[in-house]
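Here is the structure we will look at, set down as structure tokens.
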Amino acid sequence: MASGPATTTPAGSAEPNHGRRIIGWWIASSIVATPLVAIFLGPAIPPGNGSTQGTEQVFDNTWMVSTITPVICLLAVFFLYGLRTFRAPAGAVVDGPPLRSDTRIQVLWIAATSVIVLFFAGFGSYELLQNGAGGGQGPSPVAVPSGQKLEVQVIGQQWNWTFRYPSLGGAESDQLVLPANTYIELHVTSLDVVHSFWAYELGVKADANPDTDNVAYVQTKDPRTFHVRCAELCGLFHGYMVRNGRVVDSATWHAWAKKAEANYQPVAKFMPPYAHTYLPDPQRRAG
């Protein structure tokens with residue numbers, strides 16, 4: 001029961017078509033906002049263009065934020081218009097007008113959102129299969145890039161990263177060094193708990209699970225420095241499990257590889273042979 005006077009339309013004035021007003025403002029705001037988002041916001045979303053996979057992720061992010069911008073504009077216009085147009089008079093305590101459902105709006109909303117969701121499902125699946133997508137695919141990858149690849153093993157343990165190069169006789173390094181413009185096949189594993197290998201600027205991320213070979217692919221571009229982080233809470237010093245990696249030119253890579261292999265030879269006999277997973281003595285693991 002109303003506790004105050006009901007609002008009425010002034011005599012002689014017709015109720016405006018609120019739907020047309022909302023649609024007009026929605027179209028206008030979408031026309032302005034969508035290009036701005038596609039040009040400025042989308043390309044600024046990480047991880048950047050440090051690798052082929054990173055560039056593809058920037059492309060995907062740009063598409064997604066550009067597609068949802070009109071949806072956000074519609075919601076913003078609808079709520080702002082409602083707040084401005086249907087605001088109750090100051091001090092008045094009245095019941096709102098009785099509303100009936102609009103089947104056309106409901107059907108249109110369900111159809112539009114379904115199309116958007118299905119589009120993203122197909123688009124996302126297709127993009128994930130392109131060039132390995134920079135994510136771990138387990139020991140038997142579904143999407144395997146063609147061409148020659150440099151195999152590098154990533155070993156996580158509390159609280160450190162070790163990188164092993166089978167093409168260099170199993171040589172190890174505490175810094176991930178990669179040649180520029182090269183496809184890298186990363187074999188990610190762990191010696192203890194679950195970690196997550198994340199080469200941030202390269203757009204590659206894969207879980208490091210004990211006794212599991214998790215394969216990920218990344219194609220490097222120009223020389224640069226990038227950050228390697230653990231993205232899975234793995235214990236007390238998880239926050240310190242950070243390394244700097246390098247992408248270097250061909251000459252620098254060959255010089256580094258030759259030195260790394262030579263330094264490794266004196267201790268090679270004490271190290272386990274190269275394998276995709278290891279089961280070390282728990283008493284000897286780091287931490």
Side-chain angles (χ1 to χ4, degrees), residues 42-63 124 126-156 161-189 196-208 213-231 242-264 274 276:
I45 299 176
N49 298 305
S51 69
T52 299
Q53 285 69 26
T55 299
E56 290 174 349
Q57 290 169 35
V58 171
F59 172 79
D60 298 344
N61 292 337
T62 301
W63 261 94
Y126 173 80
E127 287 294 301
L128 282 172
L129 295 176
Q130 300 303 300
N131 301 314
Q137 302 185 58
S140 302
V142 175
V144 179
S146 60
Q148 187 174 6
K149 293 172 282 291
L150 173 67
E151 184 175 338
V152 180
Q153 185 174 49
V154 178
I155 305 171
W161 294 107
T162 303
F163 308 100
R164 202 167 191 187
Y165 299 80
S167 62
L168 305 180
E172 293 187 357
S173 172
D174 62 355
Q175 184 181 50
L176 180 55
V177 182
L178 303 173
N181 303 306
T182 304
Y183 243 119
I184 312 298
E185 181 178 306
L186 297 165
H187 291 259
V188 185
T189 190
S196 183
F197 168 74
W198 186 19
Y200 178 77
E201 289 84 355
L202 299 186
V204 59
K205 187 173 182 289
D207 286 342
D213 178 31
N214 195 10
V215 182
Y217 298 97
V218 62
Q219 186 177 28
T220 58
K221 289 187 173 181
D222 299 331
R224 68 182 60 237
T225 298
F226 59 91
H227 297 89
V228 174
R229 302 173 182 173
C230 179
V242 180
R243 288 287 181 272
N244 285 338
R246 292 187 297 147
V247 176
V248 298
D249 58 64
S250 179
T252 304
W253 158 254
H254 286 295
W256 177 88
K258 184 177 180 179
K259 183 178 180 180
E261 189 171 7
N263 291 339
Y264 182 73
Y274 179 82
H276 285 158

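In this chain, residues are counted from 1 in sequence order. None of the values given here were measured: they were computed from a predicted structure. These numbers come from the heavy atoms of this one structure, side chains and all, not from hydrogens, waters or symmetry mates.
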Applying side chain to side chain contact (heavy atoms under 4.5 Å, CB included), run through Phe226 and Leu178 and close with a yes or a no. CA-CA 11 Å; Phe226 59 91; Leu178 303 173; 4.3 Å; yes
Let me see the working for Asn181 and Asp222 under side chain to side chain contact (heavy atoms under 4.5 Å, CB included), right down to the final yes or no. CA-CA 7 Å; Asn181 303 306; Asp222 299 331; 4.3 Å; yes
Would Val247 and Arg224 count as a side chain to side chain contact (heavy atoms under 4.5 Å, CB included) here? Give the steps. CA-CA 5 Å; Val247 176; Arg224 68 182 60 237; 4.3 Å; yes
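Asp249 and Pro223 make their closest contact through N-CG, 3.9 Å (heavy atoms, listed as atom of the first residue, atom of the second, distance). Residue Asn49 comes nearest to Lys221 through the heavy atom pair O-CD, 3.5 Å, listed as atom of the first residue, atom of the second, then distance. Residues Ala171 and Ala260 come closest through the heavy atom pair CB-O, 4.0 Å. Minimum interatomic distance between Gln148 and Tyr183 (heavy atoms only, all atoms of both residues): O-CB, 3.9 Å. When all heavy atoms are compared, the tightest approach of Pro145 to Ala143 is CD-O, 3.8 Å. The two residues Gln219 and Thr52 have their closest heavy-atom pair at OE1-OG1, 2.7 Å.
The distance from the CZ atom of Phe197 to the CZ atom of Arg229 is 12.5 Å, given to the nearest 0.5 Å. The distance from atom CG of Leu176 to atom NE2 of His227, rounded to the nearest 0.5 Å, is 13.0 Å. Note: Tyr274 OH to Leu168 CG = 11.0 Å, rounded to the nearest 0.5 Å. Expressed to the nearest 0.5 Å, how far OH of Tyr217 lies from CG of Leu186 amounts to 9.5 Å. To the nearest 0.5 Å, atoms CD (Gln175) and CG (Asn244) are separated by 7.0 Å. Distance check, rounded to the nearest 0.5 Å: CD of Gln153 to CG of Asp213 gives 7.5 Å.
With Thr225 contributing its side chain and Arg246 its backbone, the two residues share no donor-acceptor pair below 3.5 Å. Looking only at distances, a side-chain donor or acceptor of Asn214 sits under 3.5 Å from a matching main-chain atom of Gly138. The backbone N or O of Phe163 sits nowhere less than 3.5 Å from a side-chain atom of Ser173 that would complete a donor-acceptor pair. Using a distance-only test at 3.5 Å, with no hydrogens or angles considered, a donor-acceptor pair links the side chain of Gln57 to the main chain of Gly203.
In this structure, Ile155 and Thr189 have side chains that are in contact, with non-hydrogen atoms separated by less than 4.5 Å. By the 4.5 Å heavy-atom criterion applied to side chains, Leu202 and Gln53 are not counted as neighbours. For the pair Pro43/Thr62, a side-chain contact is recorded, criterion being any heavy-atom separation below 4.5 Å from C-beta on. Annotation: side chain of Lys205 is in contact with side chain of Ser196 (closest heavy-atom distance under 4.5 Å). Side-chain contact check for Cys230 versus Trp161: some heavy-atom pair is nearer than 4.5 Å. No side-chain heavy atom of Val204 sits less than 4.5 Å from a side-chain heavy atom of Ser51. At least one side-chain heavy atom of Pro179 sits under 4.5 Å from a side-chain heavy atom of Ile184.
Atom CH2 of Trp63 has 12 or fewer heavy atoms from other residues, nucleotides or ligands within 6.0 Å.
Ring planes of Trp198 and Tyr200: perpendicular class, angle over 60° (limits at 30 and 60°). Note on ring orientation: taking the six-membered ring where Trp is involved, the planes of His187 and His276 are parallel (angle under 30°, cut-offs 30° and 60°).
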